[in-house]
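For this chain, numbers begin at 1 and follow the sequence in order.
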Amino acid sequence: MKKGAVVFTSLALLVAFCIPAVAQPSNRAVETFVIDDFDNTGSNEWTWNVQTSRFIDSENGFPKLSYFEGAPNSLKELLKNGENPLKVLGVKTSYLRKGENWFEVYPEKDGKPYEIPFIGTVTQIDVWVWGANYLYYIDLLVRDADGRVYTLPAGNLAFNGWKNLIVSIPTHIRQHSRLRSGPKTMSFVGFRVRTDPDEYVDDFNIFFDQLKYTTNTLSNIFDGYELKDIDFGDAKGEQ
């Protein structure tokens, strides 16, 4: 009897391990999406703008925002764009006094702030940033599916040249609404840069390139998902 039991158990384990992998459904599809490469090709439905705190030197035209040719050396071969030059987004600021100054770089559409919706459940956002070795701090701003704006610290800018800043999305941020009304997903609001109260503020440059995010695109897909936002039109109840 003992020998028979061992043989039966071995056969059961063999069958379990031989079940084809394709029989196990998966709800994961990890992908990376580029929000903006800042090449200013006109392919996006939004542009970028900047707003600042009150002590900006506006009389001399600050803040200044423009596109410039360039890219991080680590990405130049990867991002070759045929005859079109690679570009980055640049912002220059100058404040009239030290203190808790700040500016925000945000997407804009039809002259109004525009929030870029994310796809799936986002695990991280990353962006290449050119720092001027000033002790400033950079945050990413996102709005959750309940309408709350979260500030996600991305570190300081006390470095020279390009650096890839990576921010993980906290699990407590609601990325999908359980309601049919209101926002459907989390969205990208913009960047916020804050000056250290003791740092110089009269001549600062920053550049951005390759803003992207990593996400699980299947995380919110369920059996019958296609019926979630179906249009009933003028349908009436049966008489």
Side-chain angles (χ1 to χ4, degrees), residues 34-73 75-76 79 84-116 125-143 149-167 187-212:
V34 176
I35 297 177
D36 204 331
D37 58 13
F38 301 106
D39 287 341
N40 194 26
T41 59
S43 57
N44 293 327
E45 55 182 312
W46 62 82
T47 56
W48 293 88
N49 206 344
V50 57
Q51 61 182 0
T52 74
S53 54
R54 61 176 178 161
F55 292 114
I56 191 72
D57 186 5
S58 57
E59 290 188 3
N60 287 307
F62 296 98
K64 301 179 180 181
L65 179 147
S66 189
Y67 292 90
F68 300 89
E69 290 190 19
N73 283 332
L75 300 180
K76 284 182 179 179
L79 300 178
N84 298 319
L86 298 174
K87 292 188 177 182
V88 299
L89 178 68
V91 175
K92 186 176 185 66
T93 59
S94 180
Y95 293 91
L96 299 175
R97 72 179 196 184
K98 293 182 179 182
E100 296 181 353
N101 303 292
W102 57 266
F103 65 90
E104 293 178 351
V105 182
Y106 61 94
E108 191 176 71
K109 182 179 179 181
D110 298 328
K112 299 178 181 179
Y114 173 69
E115 298 180 6
I116 303 170
I125 306 171
D126 73 278
V127 60
W128 283 84
V129 176
W130 187 96
N133 205 20
Y134 279 42
L135 187 55
Y136 288 12
Y137 305 93
I138 183 168
D139 305 318
L140 304 186
L141 305 177
V142 299
R143 188 184 300 276
V149 174
Y150 285 84
T151 299
L152 306 179
N156 64 58
L157 298 170
F159 55 85
N160 283 310
W162 289 105
K163 184 177 181 180
N164 187 212
L165 302 181
I166 301 173
V167 177
S187 59
F188 180 78
V189 177
F191 304 99
R192 176 182 290 153
V193 177
R194 298 172 287 113
T195 68
D196 186 88
D198 294 323
E199 184 58 281
Y200 293 101
V201 295
D202 59 333
D203 183 17
F204 177 75
N205 295 343
I206 188 172
F207 300 92
F208 301 92
D209 200 11
Q210 289 296 303
L211 172 62
K212 57 186 183 296

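- Within the 4.5 Å cutoff, no side-chain heavy atoms of F55 are placed close to those of T195.
- The two residues V105 and L89 make their nearest non-hydrogen contact at CG1-CD2, 4.0 Å.
- Looking at W130 and N205, their side chains come closer than 4.5 Å, going by heavy atoms from C-beta outward.
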Inset, instruction - Go through the steps to decide whether E115 and F188 satisfy the test side-chain contact (heavy atoms from CB on, under 4.5 Å), and finish with yes or no. - result: CA-CA 5 Å; E115 298 180 6; F188 180 78; over 6 Å; no

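- To the nearest 0.5 angstrom, E199 atom CD is 13.0 Å from Y95 atom OH.
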Distance-only check: which donor-acceptor pairs under 3.5 Å involve side-chain atoms of residues 153-167, not counting sequence neighbours?
| unit_1 | atom_1 | unit_2 | atom_2 | d |
| --- | --- | --- | --- | --- |
| N156 | OD1 | A158 | N | 3.0 |
| N164 | ND2 | D126 | OD2 | 3.1 |
| N164 | ND2 | V127 | O | 3.3 |

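- For F103 and Y106, the gap between ring centers reaches or exceeds 6.0 Å.
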Inset, instruction - Give the C-alpha distance, both sets of side-chain angles, the deciding distance and a yes or no for side-chain hydrogen bond (donor to acceptor under 3.5 Å, both in side chains) between N44 and D36. - result: CA-CA 8 Å; N44 293 327; D36 204 331; 3.0 Å; yes

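- Between F38 and W128, every side-chain heavy-atom pair lies at or beyond the 4.5 Å cut-off.
- Here the side chains of Y114 and K112 are not in contact, with every heavy-atom distance at 4.5 Å or above.
- The NZ atom of K109 sits 9.5 Å away from atom CH2 of W46, with the distance rounded to the nearest 0.5 Å.
- Closest approach of P107 and G190 over heavy atoms only: CD-CA, 4.4 Å.
- Taken to the nearest 0.5 Å, the CG atom of L96 stands 11.0 Å off from the CZ atom of R54.
- Between F204 and Y136, the ring planes lie tilted relative to each other; the angle falls in the 30° to 60° range.
- In this structure the side chain of W48 never reaches within 4.5 angstrom of the side chain of V50, judged on heavy atoms.
- Here the closest non-hydrogen pair linking R97 and V201 is O-CG2, 3.4 Å.
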Inset, instruction - Starting from the C-alpha separation in whole Å, work towards a yes-or-no answer on side-chain contact (heavy atoms from CB on, under 4.5 Å) for S187 and I116. - result: CA-CA 5 Å; S187 59; I116 303 170; 5.9 Å; no

Inset, instruction - Could you go through the side-chain contact (heavy atoms from CB on, under 4.5 Å) check for V193 and I206 one step at a time? - result: CA-CA 10 Å; V193 177; I206 188 172; 4.1 Å; yes

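- Of all heavy-atom pairs between K76 and A71, the closest is CE-O, 3.3 Å.
- Across all their heavy atoms, P85 and E69 have their closest contact at CB-CD, 3.7 Å.
- A 4.5 Å side-chain heavy-atom check between Q210 and V34 finds at least one atom pair inside the cut-off.
- Using a 4.5 Å heavy-atom cutoff, the side chains of F191 and V91 are not in contact.
- Taking 4.0 Å as the cut-off between side-chain N and carboxylate O, D37 and K87 do not count as a salt-bridged pair.
- Here CG of D209 is found 7.5 Å from CG of L86. Values are rounded to the nearest 0.5 Å.
- Closest of all the heavy-atom pairs between F62 and K92 is CD2-O, 3.6 Å.
- Distance CG/D39 to OH/Y67: 9.5 Å, rounded to 0.5 Å.
- Side-chain atoms of S53 never come within 3.5 Å of backbone atoms of N101 as a donor-acceptor pair (strictly under, hydrogens ignored).
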Legend entry - side-chain contact (heavy atoms from CB on, under 4.5 Å) between R143 and V149, intermediate numbers included: CA-CA 4 Å; R143 188 184 300 276; V149 174; 3.4 Å; yes

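- Rounding to the nearest 0.5 angstrom, the gap separating the OH atom in Y200 from the OG atom in S94 is 14.0 Å.
- Side-chain contact between L211 and I125: present, with at least one pair of heavy atoms (C-beta onward) separated by less than 4.5 Å.
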